[in-house]
Amino acid sequence: MNILFFGPNGSGKGTQGSILKDKYNAAHIESGAIFRENIKGGTELGKKAKSYIDAGDLVPDDITIPMILDRLKQDDCANGWLLDGFPRNKVQAEKLDESLKAAGMELNYVVEIVLDREIAKLRITGRRLCENDPNHPNNIGIEAIKPNGDKCRVCGGALTSRADDQDDAAIDKRHSIYYNEVDGTLAAAYYFKDVAAKSDATKYITLAGEKDMKSVTDELISKL
């Protein structure tokens with residue numbers, strides 16, 4: 001089962017991905033982690049990516065996509081994968097679609113978590129990250145997943161908040177990219193929505209992100 005995940009920051013996308021990873025024994029691939037692994041491992045693609053990152057530039061798609069495809073071919077992806085955080089625009093979506101087909105990789109599901117922009121922003125400012133697993137749900141503004149003081153409600157680990165989660169300008173910048181239906185991330189999601197409409201192999205799933213975490217999980221699993 002190969003799944004492409006879309007959802008704005010604050011939608012619970014990472015948490016849902018972590019749940020599916022455990023349920024289906026599939027690899028949860030986050031694009032940011034791929035960069036870190038390649039740079040740390042000193043791979044040729046990692047060295048090229050680092051040169052752009054160090055210069056403050058975006059890593060070109062002709063480096064990013066081969067890096068992602070290489071990750072999707074690793075042994076832990078044999079039972080399936082969940083790709084999260086890429087593509088971020090329509091051009092990347094088109095190139096990823098072409099590359100998956102060329103590599104003979106079937107995309108089974110595309111999942112979009114739909115959430116109002118203002119609700120997403122409120123969730124971001126309240127979320128706290130567990131030192132043991134950042135996908136453990138902890139949010140000081142949501143009663144159902146409120147942490148135990150400064151400890152993770154799931155495992156008791158220490159909690160921190162990301163500096164950019166408390167920065168209005170940073171949140172607005174991330175959301176402006178995601179909610180852009182012309183050439184941003186939603187445009188990428190809608191590209192795959194069109195692909196799914198013309199394909200028997202790929203199914204497009206939308207989820208109501210304003211619901212509580214368990215309800216979203218139940219709806220997601222029922223549609224897979």
Side-chain angles (χ1 to χ4, degrees), residues 2-18 20-22 25-105 107 124 127-136 157-167 169-171 173-178 180 183-185 188-189 192:
N2 299 330
I3 303 173
L4 191 57
F5 246 101
F6 289 98
N9 290 103
S11 65
K13 176 166 52 79
T15 299
Q16 297 300 332
S18 183
L20 290 189
K21 172 187 174 181
D22 293 338
N25 192 29
H28 184 192
I29 311 299
E30 295 177 279
S31 59
I34 297 175
F35 283 108
R36 292 190 293 271
E37 288 165 6
N38 276 268
I39 292 170
K40 185 178 179 181
T43 68
E44 195 60 37
L45 287 170
K47 291 174 185 175
K48 290 179 181 178
K50 188 175 187 299
S51 68
Y52 285 95
I53 293 169
D54 288 348
D57 296 326
L58 292 174
V59 181
D61 295 340
D62 60 358
I63 295 174
T64 301
I65 292 178
M67 208 180 279
I68 289 172
L69 288 178
D70 181 66
R71 179 66 185 87
L72 299 182
K73 292 175 183 176
Q74 292 179 18
D75 290 345
D76 64 332
C77 294
N79 289 327
W81 44 259
L82 299 88
L83 180 57
D84 175 0
F86 189 90
R88 296 190 179 213
N89 58 55
K90 187 176 180 180
V91 172
Q92 289 179 343
E94 292 168 346
K95 290 181 179 178
L96 178 63
D97 184 32
E98 291 169 4
S99 299
L100 287 173
K101 287 173 179 172
M105 289 187 186
L107 181 59
I124 289 173
R127 72 181 171 189
R128 298 296 181 264
L129 303 179
C130 172
E131 62 178 349
N132 297 320
D133 186 344
N135 287 319
H136 283 165
L159 296 176
T160 57
S161 62
R162 279 172 37 174
D164 57 350
D165 280 355
Q166 309 305 312
D167 184 333
I171 294 170
K173 184 176 182 180
R174 279 184 277 165
H175 278 166
S176 290
I177 294 170
Y178 181 83
N180 184 337
D183 52 17
T185 308
F192 279 104

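Residue numbers count from 1 along this sequence.
- Residues G10 and R127 come closest through the heavy atom pair N-NH1, 3.7 Å.
- Side-chain contact check for L159 versus C130: some heavy-atom pair is nearer than 4.5 Å.
- Contact check for L100 versus N2: no side-chain heavy atoms found under the 4.5 Å cut-off.
- Between the side chain of Y178 and the main chain of G7, a donor-acceptor pair closer than 3.5 Å is present.
- With values rounded to the nearest 0.5 angstrom, L107 atom CG is found 5.0 Å from W81 atom CH2.
- In this structure, CD1 on I124 lies 12.5 Å from OG on S161, to the nearest 0.5 angstrom.
- When every heavy atom of N38 is checked against every heavy atom of T43, the shortest pair comes out as OD1-OG1, 2.8 Å.
- With rounding to the nearest 0.5 Å, the separation of CE in M67 from CD in E44 is 10.5 Å.
- At least one side-chain heavy atom of L83 sits less than 4.5 Å from a side-chain heavy atom of L96.
- The minimum heavy-atom distance linking F6 with K13 is given by the pair C-CD, 3.6 Å.
- The minimum heavy-atom distance between S99 and I65, with the atom names listed, is OG-CG2, 3.4 Å.
- Between the side chain of T185 and the backbone N or O of N89 there is no donor-acceptor pair closer than 3.5 Å.
- Note that CZ of R71 and CZ of F86 are 15.5 Å apart. Values are rounded to the nearest 0.5 Å.
- Judged by distance alone, the side chain of R174 and the main-chain N or O of D164 form a donor-acceptor pair under 3.5 Å.
- The distance from atom NZ of K50 to atom NZ of K47, rounded to the nearest 0.5 Å, is 11.5 Å.
- Counting heavy atoms of neighbouring residues, nucleotides and ligands inside a 6.0 Å radius, atom CG of D54 exceeds 12 of them.
- Screening I68, I34, D84, L82 for a side chain to side chain contact (heavy atoms under 4.5 Å, CB included) with I29, the sole residue that qualifies is I34.
- Heavy atoms only, all atoms of each residue included: A26 and K21 are closest at O-CG, 3.0 Å.
- Closest of all the heavy-atom pairs between S18 and N135 is CB-CB, 3.8 Å.
- Inter-residue side-chain proximity for M105 and K73 is flagged as met; some heavy-atom pair is nearer than 4.5 Å.
- Checked by atom type and distance alone, the side chain of E131 never pairs as donor or acceptor with a backbone atom of G157 at under 3.5 Å.
- Counting heavy atoms from C-beta outward, Q16 and L20 have side chains that stay 4.5 Å or more apart.
- Put simply, CZ on R88 and OG1 on T64 are 10.0 Å apart, with the number rounded to the nearest 0.5 Å.
- Within the 4.5 Å cutoff, no side-chain heavy atoms of D167 are placed close to those of K173.
- In this structure, the side chains of P87 and L4 come closer than 4.5 Å at one or more pairs of heavy atoms.
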